[in-house]
Amino acid sequence: MDKLVVKGGARLKGRVNISGSKNSALPILAATLLTPETCIIHNVPDLSDIRFMLEILAQLGAKVTFENGTVTTRAEKVITEVPYDLVRKMRASICVLGPMIARCGQATISEPGGCSIGDRPIDIHLKGLAELGAESHTQGGNVFIPKANLVGKEIFLGGKFGSTVLGTDNVMMAATRAKGLTIIESAACEPEVRDLAEFLRKMGAKIVGQGTRRIEIEGVDALGGVEHTVIPDRIEAGTFMIGALITQGDVLLAGADPDHLVNVIDRMKSCGAHMKCGPEGIHVSTSRKLSSIDLVTETYPGFPTDMQAQLCALMSVTPGISAITEKIFPSRFMHLSELRRMGARVELEGATAILHGVDHLSGAPVMASDLRASAALVLAGLVAHGTTEVNRVYHIDRGYEHIDEKLRALGADIQRVR
Ligand code: EPZ
């Protein structure tokens with residue numbers, strides 16, 4: 001099992017190229033099941049989650065190639081069974097459900113279960129699909145949709161945590177082939193949902209309202225093959241932004257889209273960060289420690305839950321008391337116990353982390369638990385006195401393309417040890 005060994009002390013300086021968005025590429029790859037024609041997708045990051053989704057497409061009958069960031073896929077036929085061992089390893093594989101129903105009128109898929117950031121239910125996915133005519137029943141951990149005659153309808157997709165990203169994706173993809181008009185109320189507005197909608201429109205789908213809480217989809221008879229370039233990864237950009245701030249460095253996040261990070265940029269500026277946004281990307285720097293923060297994670301355009309762990313790392317060494325409340329995945333705090341091992345002073349009150357900024361952290365061997373928690377531990381290691389070993393690095397490789405190489409190029413002392 002690989003680990004990352006980080007020696008703290010370097011300020012990050014220079015330019016980092018932001019990769020394509022994992023959370024945009026995954027549903028777009030699933031959407032290629034909607035057509036028997038060839039799809040070409042550029043700017044796809046080389047991540048284990050992506051390679052896993054390509055393996056799923058291949059097992060479902062598609063012919064897939066992946067070279068230099070470009071995926072070419074053609075699903076002339078689609079098998080409608082997605083076995084447990086594929087879904088349990090990556091929850092996001094649930095987003096093949098909508099395309100499969102739209103293409104084949106039936107589907108069998110295992111329930112994703114939970115993961116280290118908490119329970120990952122799909123009740124809203126299934127409710128939305130059932131409203132379109134794809135009734136499901138669950139038995140032995142599998143979801144069966146034996147027969148789906150998709151008819152458009154007005155559907156409310158809100159849950160107790162607000163909107164659902166992949167739930168919106170699944171219903172939107174199924175609705176592209178439903179008879180008549182589907183209206184999704186309380187849709188997710190994330191940039192990745194917008195990017196998927198753009199991909200579907202290129203395939204011939206009739207969609208308006210993507211990026212707002214209300215998306216309208218007029219069903220069509222068939223969808224065609226397309227070429228598309230995936231948007232930049234706003235969470236990778238945000239992670240390197242925190243890296244620049246925690247080390248009091250000066251970094252250009254090349255290729256990042258400031259429009260996807262308005263909330264994060266605003267909140268970091270309010271803590272004293274310097275930000276310059278332009279066609280090249282986002283230039284972030286600070287010459288002194290920031291001020292503490294009181295923040296709640298929310299659905300887009302709020303502060304993203306996928307940036308919460310990284311923010312905790314930053315605020316653990318920021319003077320003052322910070323309160324960070326997690327409203328999307330209330331138990332997404334596995335990183336706190338590891339940050340404590342490095343000397344962070346933090347208590348958890350319900351779904352709120354109360355961080356008392358310390359003068360410095362101390363390097364220690366720590367355990368990665370989920371994708372963003374592992375990134376947070378690497379960021380903490382960049383400023384800790386001494387050496388930090390982040391074990392179980394496969395979590396990081398799921399969502400960050402060559403993170404050690406990119407950090408080294410910015411001056412960090414970080415090595416991957418097999
Ligand atoms: C997507 O997951 C992202 N993954 C997650 O990123 C991200 O944290 C999440 O959206 C929230 O922004 C991908 O896009 C591949 P949700 P998703 O459905 O769609 C509850 C990362 O680090 N819910 O928006 O699965 C759910 O439990 C990953 O890149 C239901 O109750 O998340 C959660 O509390 C981690 N019932 C909330 O809604 C449902 O049917 C939001 O979840 C569906 C969701």
Side-chain angles (χ1 to χ4, degrees), residues 19-31 45 47-50 52-53 56 87 89-98 109 111-131 136 138 143 155-173 184 186-196 230-231 233-239 260 263-264 297-310 326-332 334-335 351 368-376 395-401:
S19 301
S21 165
K22 164 180 88 79
N23 289 352
S24 183
L26 289 172
I28 283 176
L29 289 171
L47 305 167
S48 51
D49 270 13
I50 294 293
F52 197 68
M53 179 58 91
I56 291 173
V87 177
K89 284 185 210 151
M90 183 180 71
R91 257 202 95 267
S93 41
I94 195 70
C95 64
V96 302
L97 192 53
I109 190 165
E111 285 199 289
C115 65
S116 61
I117 66 176
D119 187 15
R120 306 296 296 271
I122 57 168
D123 55 313
I124 305 173
H125 296 238
L126 299 181
K127 173 197 162 200
L129 293 172
E131 301 236 11
S136 65
T138 305
V143 175
I155 299 170
F156 178 76
L157 273 191
K160 71 177 180 180
F161 298 99
S163 49
T164 158
V165 173
L166 293 181
T168 301
D169 292 350
N170 261 332
V171 172
M172 181 166 66
M173 288 189 278
I184 302 177
S186 190
C189 306
E190 273 69 6
E192 295 77 25
V193 175
R194 259 201 330 258
D195 202 26
L196 172 63
V230 169
I231 57 172
D233 193 312
R234 62 191 168 103
I235 304 300
E236 185 198 27
T239 303
H260 297 164
N263 188 300
V264 175
T297 64
E298 295 164 301
T299 55
Y300 195 86
F303 192 93
T305 173
D306 292 349
M307 287 286 297
Q308 180 257 108
Q310 301 90 312
E326 173 57 62
K327 290 284 285 290
I328 308 299
F329 292 106
S331 52
R332 189 176 196 170
M334 300 281 280
H335 43 287
S369 54
D370 78 86
L371 170 53
R372 308 303 174 184
S374 345
H395 286 294
I396 280 205
D397 294 335
R398 292 187 48 192
Y400 291 92
E401 199 177 27

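Whatever order the structure lists ligands and atoms in, that order sets their numbers, starting from 1.
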Where's the contact between R91 and ligand 1, heavy-atom distance under 4.0 Å: side chain, backbone, both or neither?
side chain
Check if R120 has a non-hydrogen atom at a distance under 4.0 Å from any atom of ligand 1.
yes
Give a yes or no answer on whether the side chain of D195 reaches the backbone of S24 with a donor-acceptor pair at less than 3.5 Å.
no
Compute the shortest N/O to N/O distance between V165 and ligand 1 and return yes if it is under 3.5 Å, no if not.
yes
Heavy atoms only, cut-off 4.0 Å: how does T305 contact ligand 1, side chain, backbone, both, or neither?
side chain
I'd like to check which ligand 1 atoms, numbered from 1 as shown, lie under 4.0 Å from a non-hydrogen atom of K22.
21 (C), 29 (O)
Return the closest protein heavy atom for atom 4 (N) of ligand 1 as residue, atom name and distance.
N23 ND2, 3.7 Å
heavy-atom search around atom 19 (O) of ligand 1 in the protein gives L166 N, 2.8 Å
Looking only at protein heavy atoms, identify the closest one to atom 36 (N) of ligand 1 and say how far it is in Å.
D123 OD1, 2.7 Å
Can you tell me which portion of I328 lies within the under-4.0 Å heavy-atom range of ligand 1? Options are side chain, backbone, both, or neither.
both
Judged by atom type as modelled, is there a donor-acceptor pair below 3.5 Å linking the side chain of S48 to the main-chain atoms of D397?
yes
Note: S374 and H395 closest approach over all heavy atoms is OG-CB, 3.4 Å
Tell me which protein heavy atom sits closest to atom 29 (O) of ligand 1, plus the residue, atom name and distance to 0.1 Å.
R372 NH2, 2.8 Å
So which bit of M53 gets within less than 4.0 Å of ligand 1, heavy atoms only: side chain, backbone, both or neither?
neither
Electrostatic pair R332-D306, nearest N-O below 4.0 angstrom:
yes
Tell me whether E192 is salt-bridged to R234, with the criterion being a basic N under 4.0 Å from an acidic carboxylate O.
yes
Given that the side chain starts at C-beta and the backbone is N, CA, C, O, which of these parts of A92 lies under 4.0 Å from ligand 1, counting heavy atoms, or is it both or neither?
side chain
Answer yes or no: is there a side-chain heavy-atom contact under 4.5 Å between M173 and L196?
yes
Protein contact of atom 38 (O) of ligand 1 - nearest heavy atom, named by residue and atom, plus distance
F161 CB, 3.9 Å
When you measure from atom 32 (O) of ligand 1 to every protein heavy atom, which one gives the shortest distance, and what is it?
F329 CZ, 4.0 Å
Treating E326 as the side-chain partner and Q308 as the backbone partner, does any N or O pair qualify as donor plus acceptor under 3.5 Å?
no
For ligand 1, is any non-hydrogen atom under 4.0 Å from T164's backbone (N, CA, C, O), its side chain (CB onward), both, or neither?
both
Looking at ligand 1, would P121 count as a contact under a 4.0 Å heavy-atom criterion?
yes
The answer for which part of D306 has a heavy atom under 4.0 Å from ligand 1 is side chain
Is the side chain of N170 donor-acceptor paired with the backbone N or O of I94 at a distance under 3.5 Å, no angle test?
yes
For atom 40 (O) of ligand 1, what's the nearest protein heavy-atom neighbour? Residue, atom name and distance, please.
I124 N, 2.8 Å
Enumerated ligand 1 atoms positioned under 4.0 Å from heavy atoms of R332:
8 (O), 22 (O), 35 (C)
Applying side chain to side chain contact (heavy atoms under 4.5 Å, CB included) to L126 and V143, what does each step give before you reach the verdict?
CA-CA 9 Å; L126 299 181; V143 175; 3.9 Å; yes
Can you list the residues that meet the side-chain hydrogen bond (donor to acceptor under 3.5 Å, both in side chains) rule with S369, with sequence neighbours excluded?
none
Would the number of heavy atoms belonging to other residues, nucleotides or ligands and lying under 6.0 Å from NZ of K327 be above 12?
no
Backbone N or O of A188 within a donor-acceptor pair of the T168 side chain at under 3.5 Å?
yes
Where on K160 is there a heavy atom closer than 4.0 Å to ligand 1, on the side chain, on the backbone, on both, or on neither?
neither
Checking P330 now: which residues fulfil side chain to side chain contact (heavy atoms under 4.5 Å, CB included) with it, not counting sequence neighbours?
F161, A351
Output the list of atoms in ligand 1 that are nearer than 4.0 Å to some heavy atom of D119, sorted by atom number.
27 (O)
